[in-house]
Amino acid sequence: MKYQKFSNGDQMPIIGLGTWKSAPGEVYEVIREAIRLGYRHFDCAHIYGNEKEIGQALKDAMTNGDVKRKELWITSKLWNDSHLLDDVVPALETTLKNLQLDYLDLYLVHWPLAVKKGVNFAKSAEDYLTPEQAPLIDTWTGMEECFDEELTRHIGVSNCNIKTLTMLMREGTLPPEVNQVELHPYLPQIGLYDFCKEMDIFLTAYSPLGSGDRNQKAENEPLLLRDEAVAEISQKHGCTPAQTLLAWAVMRDTSVIPKSTNPERLKENLAAVDIQLDRDDLRKLSMLRKFRFINGNIFTQNGSPYKLTDLWDY
Ligand code: A2P
């Protein structure tokens, strides 16, 4: 395995398991199997609604002697309804209780926008908190408290652009150590990638396979896993399209969290760490069409005070 190495010596395995869209009811077995196959990095979030089952699987795996806590890297994320300063530590405490853990390895602010307590996805303007009502820097102060109280070993963000990262670095006490964003050959985010490299912020790539199993897809969405150039490169290396896409992420030194609930594909995805793409492959992959699968629209509708231009670097 390769790792992203943090300044305190901690190491995040470069390929982790995404748990978004892994239903409660199936995720327990998936986690147990993933641990048996060698996965040590698990990417979770409160809003995925499956942390209790994941926690039970982690606990049973540890009790069974399959793995020790210190060998695991567990990430989770603060939901948008807990952005007010006094809500951040309690939200992490809930996640820790659900996951049956004493600490996380990494806690991320899931999105740089806020809704009222108890709201999952806003249905009207009243459901939102404006940036003035819930300044992101206050949320970040709450994240710093999580770190100070040793509830998490690292703190970071998700879905943040250069402007937001710059603000947090300027106004915060601790810099974000990780930014988790959508990354794949259709969305390489070169500007953000270069910025994060320069600022020593690790990137984690979500939806690396194009998240074909999610609801609410745009019409005529391209199929990343069926891309012709990806197929050609895969044939050349004797690997699968998914492995080519994951190898692309690993070669850029970003961590990557493909989701699967299928044992064969779990195995296949972890094995991608050993595939070496060459310059010609990387050049071909850099020329593909550009497309963002998770466009953030659900957060900018229904009277939202947030705009897509606040979210993304265009
Ligand atoms: P499944 O869970 O049945 O394996 P993303 O990580 O971009 O969100 O993509 C997840 C989607 O990709 C799921 O539909 C998942 O299906 C599928 N998937 C995961 N690994 C592979 C693979 N190796 N080959 C093909 N599809 C895969």
Side-chain angles (χ1 to χ4, degrees), residues 12-39 41-45 47-50 53-54 57 73 75-77 108 110-111 158-159 180-189 203-218 221-235 237-252 254-275 277 285 288-296 298:
M12 169 155 72
I14 204 137
I15 297 186
L17 180 66
T19 64
W20 176 38
K21 305 177 260 88
S22 288
E26 71 179 338
V27 75
Y28 177 91
E29 251 325 303
V30 172
I31 301 288
R32 294 296 305 269
E33 179 65 9
I35 289 173
R36 286 192 285 268
L37 290 170
Y39 279 84
H41 168 183
F42 295 91
D43 183 80
C44 313
I47 195 65
Y48 301 161
N50 54 11
E53 291 78 4
I54 293 173
W73 182 282
T75 298
S76 185
K77 311 184 194 87
L108 305 175
H110 206 150
W111 288 88
S158 184
N159 298 299
Q180 183 181 122
V181 295
E182 180 178 340
L183 291 169
H184 43 69
Y186 288 176
L187 194 69
Q189 307 220 47
L203 280 169
T204 299
Y206 76 61
S207 297
L209 308 177
S211 261
D213 57 343
R214 69 189 199 288
N215 301 324
Q216 297 178 327
K217 288 195 271 191
E221 221 178 75
L223 291 172
L224 180 58
L225 277 168
R226 300 262 176 84
D227 185 280
E228 269 179 38
V230 174
E232 259 176 48
I233 294 167
S234 309
Q235 220 166 18
H237 291 279
C239 68
T240 67
Q243 287 179 318
T244 294
L245 294 169
L246 299 175
W248 176 87
V250 170
M251 295 206 66
R252 298 174 96 212
T254 64
S255 44
V256 60
I257 48 167
K259 171 265 174 188
S260 182
T261 47
N262 173 287
E264 280 311 309
R265 292 193 283 278
L266 283 171
K267 204 165 157 185
E268 175 184 324
N269 294 349
L270 198 58
V273 73
D274 295 322
I275 294 161
L277 303 180
L285 291 172
L288 304 187
R289 61 172 300 167
K290 297 295 166 261
F291 192 83
R292 189 188 286 279
F293 291 101
I294 311 299
N295 58 29
I298 47 165

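For ligands, and for the atoms within them, numbers begin at 1 and follow the listed sequence.
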Using a 4.0 Å cutoff against the non-hydrogen atoms of E268, which atoms of ligand 1 qualify?
22 (C), 23 (N), 24 (N)
Applying a strict 4.0 Å limit to heavy atoms, is L225 in contact with ligand 1?
yes
For P241, which part has a heavy atom under 4.0 Å from ligand 1: side chain, backbone, both, or neither?
neither
For S211, the atoms of ligand 1 under 4.0 Å from one of its heavy atoms are 5 (P), 7 (O), 8 (O), 9 (O)
Hey, what do you get for CG (L224) to CZ (R289), rounding to the nearest 0.5 Å?
10.0 Å
Looking only at atom types and distance, does a side-chain atom of E268 sit under 3.5 Å from a main-chain N or O of A242, one as donor and one as acceptor?
no
Quick test of your reading of the model: are R36 and E33 salt-bridged, counting only N-O distances below 4.0 Å?
yes
Indicate the ring-plane relationship of Y186 and H184, choosing parallel, tilted or perpendicular according to the 30° and 60° boundaries.
perpendicular
Pair N159, Y206 - check side chain to side chain donor-acceptor pair (under 3.5 Å), show working.
CA-CA 10 Å; N159 298 299; Y206 76 61; 2.6 Å; yes
Between K21 and T19, is there a donor-acceptor pair closer than 3.5 Å when you use the side chain of the first and the backbone of the second?
no
Judged by modelled atom types alone, do S234 and T244 share a side-chain donor-acceptor pair under 3.5 Å?
yes
Heavy-atom distance to atom 6 (O) of ligand 1: which of K259, E26, E182, E264 wins?
K259
Checking contacts here: is it the side chain or the backbone of N269 that comes within 4.0 Å of ligand 1, counting heavy atoms only? Could be both or neither.
side chain
Closer than 4.0 angstrom: is that true for some heavy atom of G18 and an atom of ligand 1?
no
Touching ligand 1 at all, K21? Heavy atoms, strictly under 4.0 Å?
yes
Ligand 1 N/O within reach of R265 N/O, cut-off under 3.5 Å:
yes
Which value, rounded to the nearest 0.5 Å, describes the distance between I15 atom CD1 and L270 atom CG?
6.0 Å
Which residue and non-hydrogen atom of the protein lie closest to atom 11 (C) of ligand 1, and at what distance in Å?
D213 OD1, 3.8 Å
Polar contact flag for G210 and ligand 1 (N/O pairs, less than 3.5 Å)
yes
If the cut-off is 4.0 Å to any non-hydrogen atom of T261, which atoms of ligand 1 fall inside it?
1 (P), 2 (O), 4 (O)
Side chain to side chain contact (heavy atoms under 4.5 Å, CB included) assessment of I47 paired with H110
CA-CA 9 Å; I47 195 65; H110 206 150; 3.5 Å; yes
What atoms in ligand 1 come closer than 4.0 Å to a heavy atom of S207?
7 (O)
Under 3.5 Å side-chain donor-acceptor pair for E26 and N50:
no
Below 4.0 angstrom from a heavy atom of P258, which ligand 1 atoms are there? Numbered from 1 as shown, please.
6 (O)
Numbered atoms and elements of ligand 1 in range of A242, under 4.0 angstrom, heavy atoms:
22 (C), 23 (N), 24 (N)
